[in-house]
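Start at 1 and go down the list; that is how both ligands and their atoms are numbered.
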Amino acid sequence: MNYKKFRHKKSLGQHFLIDKNIVKKIVKIADIQAAENVWEIGAGKGILTEELVNADSKLTVFEVDKTLFPHLEEKFGDKITLVKQDVLKANWQKLLEGRKIKIVANLPYQITSPFLFRVASFSENISLVVVMIQKEVAQRINAKTGSKDYGILSLKMQFYFDVSYQFTVKPHLFFPQPKVESAVISMMPRKNKPEIKDEKLFWKIVETAFRNRRKMLRNNLKTILSSDLIEKIAESFDLTRRGETFSESEFLDLYHKIVSLLP
Ligand code: SAM
């Protein structure tokens, strides 16, 4: 591949790592065992792919930029399974076939949130996630209840995973340089994840509570619950608070209260 001719596509978040030490640090955190199933999202020119192949992983690599395919095929051949598809459009159920995987990636930043929400919905198939994302998003994922960064992304990722902020990465370690700092985070499925009968309802309540951040919880809940029900809930919860001040355990209490009141 003629590197000089390659045009980096901003729309695909193509900020390629140029520092091997960062790549090695990422792979070390991933602690890959021989023949372990690993997914890499967005191979780019393959700097991280190479290290993952060297770690003896059973590697599935997603890439959407077709101009990179010939280079990746030539460089890695059958050492990787190249999925030439948008990772968000791929059929994860089918590709996983019930297997457990590790996810290791320098993520294209424009897909970070939808990608992580997808990861959360497949948490039972995941043993570890090590991803580079924008530092600001890493801080949001790690945020504590009530802080300015706290939101549904924090709540959801911390519900399914133990999140660790690993290290910050400066823009000059990429080409082309991004405008903002990046960070590597790792996420391990949480061992003491709360057991909930109806997770769909739980997340519906949470999403509703966060829908309009400035509104009191009472007003947000009005969109999914009857006034009668809200008045009953208000007997044991202060619904004048905003949803963003509710911790996970308070949301769990709220969920259980709602379930107990539903016909
Ligand atoms: N892993 C390489 C590195 O560290 O240098 C490249 C990382 S670059 C930040 C993100 C890569 O993801 C790009 O190669 C881009 O083409 C690819 N990409 C962008 N959107 C994607 C998507 N929806 N599915 C799969 N790959 C995608």
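- Looking only at heavy atoms of the protein, atom 27 (C) of ligand 1 is closest to Val64 CG2, 3.3 Å.
- Under 4.0 angstrom from ligand 1, there are no non-hydrogen atoms of Ala105.
- By the criterion of side-chain heavy atoms lying less than 4.5 angstrom apart, applied directly or through intervening Ile, Leu, Val, Met, Phe, Trp or Tyr residues, Leu59 is not grouped with Phe115; the two fall into different hydrophobic clusters.
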List the steps and the verdict of side-chain contact (heavy atoms from CB on, under 4.5 Å) for Ile126 and Lys102. CA-CA 6 Å; Ile126 292 167; Lys102 284 184 178 172; over 6 Å; no

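- Ligand 1 has no atom lying under 4.0 Å from any heavy atom of Leu88.
- The closest protein non-hydrogen atom to atom 2 (C) of ligand 1 is Ala43 O, 3.2 Å.
- Between His8 and Phe175, the two ring planes are perpendicular [angle over 60°; tilted spans 30° to 60°].
- Considering Ser11, Pro108, Gly42, Gly13 only, the shortest heavy-atom separation from atom 8 (S) of ligand 1 involves Gly13.
- In terms of protein heavy atoms, atom 5 (O) of ligand 1 is closest to Leu17 N, 2.8 Å.
- For atom 19 (C) of ligand 1, the closest non-hydrogen atom on the protein side is Leu12 O, 3.2 Å.
- With hydrogens left out, the protein atom closest to atom 23 (N) of ligand 1 is Asp86 OD1, 2.9 Å, a heavy atom.
- Checked by atom type, the side-chain pair Asp228/Ser226 shows no donor-acceptor distance below 3.5 Å.
- The proximity of Glu40 to ligand 1, defined as any non-hydrogen pair under 4.0 Å, is limited to the side chain.
- Residue Gln110 touches ligand 1 through its side chain alone, judged by heavy-atom distances below 4.0 Å.
- For the residue pair Ser182/Tyr109, the side-chain donor-acceptor check at 3.5 Å is satisfied.
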Test log, rule side-chain hydrogen bond (donor to acceptor under 3.5 Å, both in side chains), inputs Ser57 and Glu36: CA-CA 5 Å; Ser57 67; Glu36 197 163 40; over 6 Å; no

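- Atom numbering of ligand 1 starts at 1 in the shown order; those under 4.0 Å from a heavy atom of Ile47 are 3 (C), 4 (O), 5 (O).
- Of all atoms in ligand 1, numbered sequentially from 1 with element shown, those under 4.0 Å from a heavy atom of Gly44 are 6 (C), 14 (O).
- At the shortest separation from atom 3 (C) of ligand 1 among protein heavy atoms lies Asn106 ND2, 3.5 Å.
- Atoms of ligand 1 lying under 4.0 Å from any heavy atom of His15, numbered from 1 in the order shown and given with element: 8 (S), 9 (C).
- Side-chain contact annotation: Thr168 with Glu181, donor-acceptor N/O pair under 3.5 Å absent.
- At a 4.0 Å cut-off, not a single heavy atom of Met132 sits close enough to ligand 1 to count as contact.
- Taking all atoms of both residues into account, the shortest heavy-atom contact from Lys215 to Arg242 is O-CG, 3.7 Å.
- At a 4.0 Å heavy-atom cut-off, ligand 1 touches Leu107 through the backbone alone.
- A cation-pi arrangement is absent between Lys144 and Tyr150, since the terminal nitrogen or guanidinium carbon is not both under 6.0 Å from the aromatic centre and inside a 45° cone about the axis.
- A cation-pi arrangement, defined by a distance under 6.0 Å to the six-membered ring centre and an angle within 45 degrees of its axis, is present between Lys156 and Trp203.
- Ring geometry for His15 versus Phe174: interplanar angle over 60°, hence perpendicular rather than tilted (30 to 60°).
- Checked by distance only, ligand 1 and Glu63 come closer than 3.5 Å through their nitrogen or oxygen atoms.
- At a heavy-atom distance under 4.0 Å, atoms from both the backbone and the side chain of Val87 approach ligand 1.
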